[in-house]
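Worksheet: the structure to be examined is printed underneath.
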Amino acid sequence: MHTELKAAEPETPPAPENPVWGTIKGFIFWSYERGTVQYDIMVTLILIFVFFSPLVISFNDRPVARNPNATGVVVYPDGNGEFIYQVEARAVAEKDDSALRASLLRVIEPISGSVHISHYEAVTDGKGHVTAYKVWVQRE
């Protein structure tokens, strides 16, 4: 049996790595163990970003005010399949019946959806001033 031995080619040693690049690579790939200074630095940088970035960056994450009527409306069932909506009188200013019904619907429909007014009655205070309207509605 004839074996031919080859001479081992000398391996070139890896090029020495820049220590700064090695540190950056360690941060990017999160290769440091817990309890090391580098790990603590990474966690501190993340916490600084989380707590201070809202002060610097405007994320525009405020809720949108979508209250079409800034009036008080109380809703409760009457037991006959209808709902009673008590609407403050300052939400409506009309005096005649058809305009008052239309105005009450403009206040009630954003809350309840499409409804039909069965009837309504004025709620007065001790002096006879109208303070609210009780409105009986049915869903359409």
Side-chain angles (χ1 to χ4, degrees):
M1 180 183 289
H2 181 49
T3 37
E4 194 172 307
L5 295 175
K6 289 187 175 180
E9 295 179 18
E11 291 185 20
T12 56
E17 193 173 296
N18 186 353
V20 174
W21 174 247
T23 304
I24 292 172
K25 190 169 79 172
F27 280 117
I28 291 172
F29 293 116
W30 199 274
S31 62
Y32 296 107
E33 296 292 324
R34 289 181 72 184
T36 61
V37 173
Q38 292 89 348
Y39 185 91
D40 293 342
I41 290 172
M42 289 188 293
V43 171
T44 303
L45 290 174
I46 291 169
L47 290 175
I48 288 172
F49 175 77
V50 167
F51 289 115
F52 290 110
S53 63
L55 300 175
V56 179
I57 301 169
S58 177
F59 291 108
N60 296 324
D61 59 346
R62 306 236 186 316
V64 177
R66 295 186 56 125
N67 187 3
N69 299 307
T71 61
V73 178
V74 180
V75 183
Y76 47 94
D78 73 342
N80 296 326
E82 295 183 338
F83 290 97
I84 302 173
Y85 288 76
Q86 185 165 332
V87 180
E88 292 181 357
R90 65 184 171 98
V92 293
E94 287 75 10
K95 298 295 181 192
D96 66 343
D97 184 60
S98 63
L100 183 60
R101 283 180 179 269
S103 182
L104 288 170
L105 274 175
R106 276 195 303 273
V107 173
I108 293 171
E109 281 187 335
I111 299 167
S112 65
S114 182
V115 293
H116 170 72
I117 295 178
S118 300
H119 63 282
Y120 67 91
E121 67 181 42
V123 178
T124 58
D125 61 3
K127 298 178 183 176
H129 296 99
V130 177
T131 59
Y133 291 96
K134 282 188 176 180
V135 184
W136 282 259
V137 300
Q138 293 178 330
R139 295 194 185 271
E140 292 182 348

Spacing of [X] atom [atom1] and [Y] atom [atom2] [to the nearest 0.5 Å]:
| X | Y | atom1 | atom2 | answer |
| --- | --- | --- | --- | --- |
| Leu45 | Asp40 | CG | CG | 11.0 Å |
| His119 | Ile84 | NE2 | CD1 | 7.5 Å |
| Gln86 | Tyr76 | CD | OH | 5.0 Å |
| Trp136 | Ile117 | CH2 | CD1 | 11.5 Å |
| Gln138 | Asp78 | CD | CG | 9.0 Å |
| Ile41 | Ile46 | CD1 | CD1 | 12.5 Å |

Between [X] and [Y], is there a shared hydrophobic cluster once you connect ILVMFWY residues whose side-chain heavy atoms come closer than 4.5 Å?
| X | Y | value |
| --- | --- | --- |
| Leu47 | Tyr32 | yes |
| Trp30 | Val50 | yes |
| Tyr133 | Val74 | no |
| Val92 | Val130 | yes |
| Val123 | Val135 | no |

Test log, rule side-chain contact (heavy atoms from CB on, under 4.5 Å), inputs Tyr85 and Ser112: CA-CA 10 Å; Tyr85 288 76; Ser112 65; 2.8 Å; yes
Residue pair Val56 / Phe49, side-chain heavy-atom distance below 4.5 Å: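 Counting from C-beta outward, Val56 and Phe49 never come under 4.5 Å.
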Phe83 side chain near Val115 side chain, heavy-atom distance below 4.5 Å: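 A side-chain contact under 4.5 Å is absent here.
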Exercise: identify the closest heavy-atom pair between Ala91 and Ser103: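 In terms of heavy atoms, the two residues are closest at O-OG, 4.0 Å.
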Donor on one side chain, acceptor on other, Tyr120 and Asp97, under 3.5 Å: yes
Whether Asp96 side chain and Ser98 backbone form a donor-acceptor pair below 3.5 Å: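 No.
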